[in-house]
Amino acid sequence: MGRGKIEVKRIENNTSRQVTFSKRRTGLLQKTHELSVLCDAQIGLIVFSSKGKLYEYTTHPLSMTQIIDQYLKSTGSRILHQNNQEQMRSELTRMKKETLNLQISLQRYKGDDLNSAQLEELNQLEQQLEYSVQKVRARKLQLLQQQVDNLQRTEKVLEKENEEMYQWLMAKQQQEISQQQAAAMTELRLVGQEHQLFEQFPFYGSEEQPNSVLQLAANLPQLQLQSFQYHLQPAQPNLQESTSAQQNIYGMLISF
């Protein structure tokens, strides 16, 4: 199956174009060398890439200058070698004049050396300075507006942060108030329990009354003992048991 014919046109892709140039340039130089050796031909080849890089080939031992001179002799054309000294002098004179004019203009912009300026030149200088001042002011206003916008954005961010901090402080304060209220309610319940204990265990015949739960807890065993002794005493004591108890006590005293 034969090889398809490739359409010859400019390659749009830069990478593909560079690769194709490198491959075909190498093949072209190789074919040129083979033609020069096989046929004893004098060849001069000059190739410039798309970026302006030079590639050349000449038949050994000739140089590119010799090949070009031989070409010019064969075609009857020649390269004109002109004396450019006069042109260089005129160009140098023109550049010096422009430099002097620029220096004078710069001095006048600074307000120096205005004695030699004419009225028309001064009017033109004034218009140029006013135009320059307007551009400077416009740029200044633009920078000031940018700074104002930045400050406004910063202000909004700070306001948002301040609002968030305020909300956090209010929540924290509300939490502390709730805790204090809960502690106060707990304390009130404890005080109510103390009063209930005082009502359940009255201290009859005592000069000092307990004023706290700790004192009540310290006196609680004595209260239990008194209550126990109180419950052991019968409502109507038995006379026989009392008489026998007295006899026992009397016998113990005698034994001592």
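Predicted model only: the values in this text are computed from it and were never measured. We use all heavy atoms of the structure for the numbers below, so side chains are in, but hydrogens, waters and symmetry mates are not.
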Discussion item. Does E161 form a side-chain contact (heavy atoms from CB on, under 4.5 Å) with L158? I'd like the steps, not just the answer.
Written reply: CA-CA 5 Å; E161 292 180 355; L158 292 177; 4.0 Å; yes
Fill in: Between CD on residue Q167 and CG on residue N162, distance to nearest 0.5 Å
10.5 Å
Discussion item. With clusters defined by side-chain heavy atoms of hydrophobic residues (ILVMFWY) lying less than 4.5 Å apart, directly or transitively, does Y71 cluster with F48?
Written reply: yes
Discussion item. Side chains of D149 and Q145: any donor to acceptor distance under 3.5 Å?
Written reply: yes
Discussion item. I'd like to know if the side chain of S132 and the backbone of Q128 have a donor-acceptor N/O pair within less than 3.5 Å.
Written reply: yes
Worksheet item: Linking I/L/V/M/F/W/Y whenever their side-chain heavy atoms sit closer than 4.5 Å, directly or via other members, would I46 and L72 fall into one cluster?
Response: yes
Discussion item. Restricting to non-hydrogen atoms, name the atom on I11 and the atom on S16 that form the minimum distance, rounded to 0.1 Å.
Written reply: CG2-CB, 3.9 Å
Fill in: Spacing of H33 atom NE2 and L38 atom CG [to the nearest 0.5 Å]
8.5 Å
Practice prompt. Mark yes or no for whether Q66, through its side chain, and S63, through its backbone, hold a donor-acceptor pair below 3.5 Å.
Written response: yes
Worksheet item: Is it true that M165 and M170 fall in one hydrophobic cluster, defined by side-chain heavy atoms closer than 4.5 Å?
Response: no
Fill in: Heavy atoms of other groups near E130 CD, more than 12 under 6.0 Å
yes
Item to complete: Please assess R189 against T186 for the test side-chain hydrogen bond (donor to acceptor under 3.5 Å, both in side chains), listing each intermediate value before the final yes or no.
Response: CA-CA 5 Å; R189 285 196 296 269; T186 303; 3.3 Å; yes
Worksheet item: OG/S50 to CD/Q18 distance, rounded to the nearest 0.5 angstrom?
Response: 6.0 Å
Practice prompt. Mind listing the closest non-hydrogen atom pair of R17 and N14 along with its distance?
Written response: NH2-OD1, 2.5 Å
Discussion item. Using 0.5 Å steps for rounding, measure from the CE atom of M95 to the CG atom of L100.
Written reply: 13.5 Å
Worksheet entry | Flag, side chain of S36 to backbone of A41, donor-acceptor distance under 3.5 Å | yes
Worksheet item: Ignoring hydrogens and geometry, is there a side-chain-to-backbone donor-acceptor pair from T154 to N150 under 3.5 Å?
Response: yes
Worksheet item: Would the number of heavy atoms belonging to other residues, nucleotides or ligands and lying under 6.0 Å from CD of E98 be above 12?
Response: yes
Practice prompt. State plainly whether one hydrophobic cluster holds both Y57 and L28, where clusters connect Ile, Leu, Val, Met, Phe, Trp and Tyr through side-chain heavy atoms under 4.5 angstrom apart.
Written response: yes
Response to the item:
Given the options L143, V136, L141, R139 meets side-chain contact (heavy atoms from CB on, under 4.5 Å) only with L143
Fill in: Presence of salt bridge, E176 and K172, under 4.0 angstrom
no
Discussion item. Is it the case that over 12 heavy atoms from other parts of the model lie below 6.0 angstrom from the CZ atom of R24?
Written reply: no
Worksheet item: Within a reach of under 6.0 Å around CG of N101, are more than 12 heavy atoms found that belong to other residues, nucleotides or ligands?
Response: yes
Worksheet entry | Electrostatic pair R10-E12, nearest N-O below 4.0 angstrom | yes
Worksheet item: Any ion pair linking E163 and K160 (charged N to carboxylate O, less than 4.0 Å)?
Response: no
Discussion item. Using the rule given for side-chain contact (heavy atoms from CB on, under 4.5 Å), can you reason through K97 versus T93, listing the C-alpha separation, both sets of side-chain angles and the distance that settles it, and then say yes or no?
Written reply: CA-CA 6 Å; K97 186 178 180 179; T93 303; 5.7 Å; no
Worksheet item: Can you tell which of L129, L122, N123 makes a side-chain contact (heavy atoms from CB on, under 4.5 Å) with E126?
Response: N123
Worksheet item: How about R94: does its CZ atom have over 12 heavy atoms from other parts shown lying under 6.0 Å from it?
Response: yes
Fill in: Inter-residue atom distance F21.CZ - S49.OG, 0.5 Å rounding
5.0 Å
Practice prompt. For R153 and E155, run salt bridge (charged side-chain N to carboxylate O under 4.0 Å, His left out): C-alpha distance rounded to whole Å, both residues' side-chain angles, the deciding distance at 0.1 Å, then the answer.
Written response: CA-CA 5 Å; R153 286 194 294 267; E155 182 182 4; over 6 Å; no
Discussion item. Would I43 and L35 count as a side-chain contact (heavy atoms from CB on, under 4.5 Å) here? Give the steps.
Written reply: CA-CA 9 Å; I43 303 175; L35 178 62; 3.7 Å; yes
Worksheet item: Between Q42 and L62, is a side-chain contact (heavy atoms from CB on, under 4.5 Å) present by the stated rule, with each step listed?
Response: CA-CA 8 Å; Q42 297 177 358; L62 299 176; 3.6 Å; yes
